[in-house]
Amino acid sequence: MSVIKRLSGLLMVFALLAGVNNAYAVIETYEFDSVEQREQFSRMNDVLRCPLCQNQSIGESNAPIANDLRREVHRLITDEQASDSDIVDFMLVRYGDFVLYKPPLDARTAALWFGPLFILLIGLFVLFRVFRSINFSEPDEKMNQQDQETLAKILGGKQS
């Protein structure tokens with residue numbers, strides 16, 4: 001059996017195993033009393049950040065904690081009829097500002113909000129100073145008498 005046939009057979013086995021793995025993926029289904037609750041659930045899933053995945057919402061993440069948070073949001077919406085602010089407050093008490101994609105602007109998060117702008121301004125200032133220090137003018141074509149004598153010595157008395 002040639003090497004190519006063995007490799008192609010091995011690739012087919014991996015492809016089948018990958019397909020089997022996806023076939024066992026869990027699809028969460030939630031039931032709601034109204035369309036508004038479903039929309040609120042979807043909105044909250046987009047607003048809240050997964051504490052484990054760093055840059056994914058709880059709606060996008062497959063982490064176990066994101067599953068738990070989605071269940072909790074569903075429970076708050078359906079059982080307690082919680083508003084958006086109630087749900088956000090509930091999550092803030094447990095996970096802090098990190099759970100929000102848009103943290104509130106206060107003294108603790110000012111560096112987060114204005115830090116990139118501050119760094120950009122410093123970079124522009126440094127760039128301005130560098131360009132300003134470069135002399136773009138034409139070099140002085142006239143040599144003074146001393147430079148001409150030095151050049152003549154270097155060339156051994158030959159001047160062009």
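In this structure, the side chain to side chain contact (heavy atoms under 4.5 Å, CB included) partners of V35, at least two apart in sequence or on a different chain, are E39.
We find the CD-OG1 distance between Q40 and T78 to be 10.0 Å, quoted to the nearest 0.5 Å. Here the straight-line distance linking atom OH of Y30 with atom OG of S42 works out to 12.5 Å at 0.5 Å rounding. Interatomic distance, M91 CE to L76 CG, rounded to the nearest 0.5 Å: 6.0 Å. How far CE of M44 is from CG of D86: 10.0 Å, rounded to the nearest 0.5 Å.
Side chains of L92 and L100 form a contact here, defined as non-hydrogen atoms less than 4.5 Å apart. At a threshold of 4.5 Å between non-hydrogen side-chain atoms, the residues L112 and P103 count as touching. C53 is not listed as a side-chain neighbour of I65, based on a closest heavy-atom distance of 4.5 Å or more. Side-chain contact between R49 and Q56 is absent, with no heavy-atom pair separated by less than 4.5 Å.
Residue V93 belongs to no hydrophobic cluster, having no ILVMFWY side-chain heavy atom closer than 4.5 Å to its own. Annotation for L121: hydrophobic cluster partners, listed by chain and number, are L117 (ILVMFWY side-chain heavy atoms under 4.5 Å, direct or chained). L105 belongs to a hydrophobic cluster whose remaining members, ordered by chain and number, are W113, F114; membership requires side-chain heavy atoms of ILVMFWY residues under 4.5 Å apart, directly or through intermediates. Clustering of Ile, Leu, Val, Met, Phe, Trp and Tyr side chains at separations under 4.5 Å places L124 together with L120.
A salt bridge does not link D46 with R43: none of the charged nitrogens is closer than 4.0 Å to a carboxylate oxygen.
A continuous path of Ile, Leu, Val, Met, Phe, Trp and Tyr side chains, each step under 4.5 Å between heavy atoms, connects L127 with I134, placing both in one hydrophobic cluster. Taking hydrophobic clusters as Ile, Leu, Val, Met, Phe, Trp and Tyr residues chained together by side-chain heavy-atom distances below 4.5 Å, Y101 does not share a cluster with I87.
Counting non-hydrogen atoms of neighbouring residues, nucleotides and ligands closer than 6.0 angstrom, the CD atom of E31 reaches no more than 12 such neighbours. Atom CG of D97 is surrounded by more than 12 heavy atoms from other residues, nucleotides or ligands within 6.0 Å.
Taking the six-membered ring where the residue is Trp, H74 and F41 present perpendicular rings, their angle passing 60° and hence far from 30°.
Residue pairs meeting the ring pair (Phe, Tyr, Trp, His ring centres under 6.0 Å) criterion with at least one member in residues 77-100: none, sequence neighbours excluded.
Summarising the geometry of P116 relative to A111, their closest heavy-atom pair is CD-O, 4.1 Å, with the distance given to 0.1 Å.
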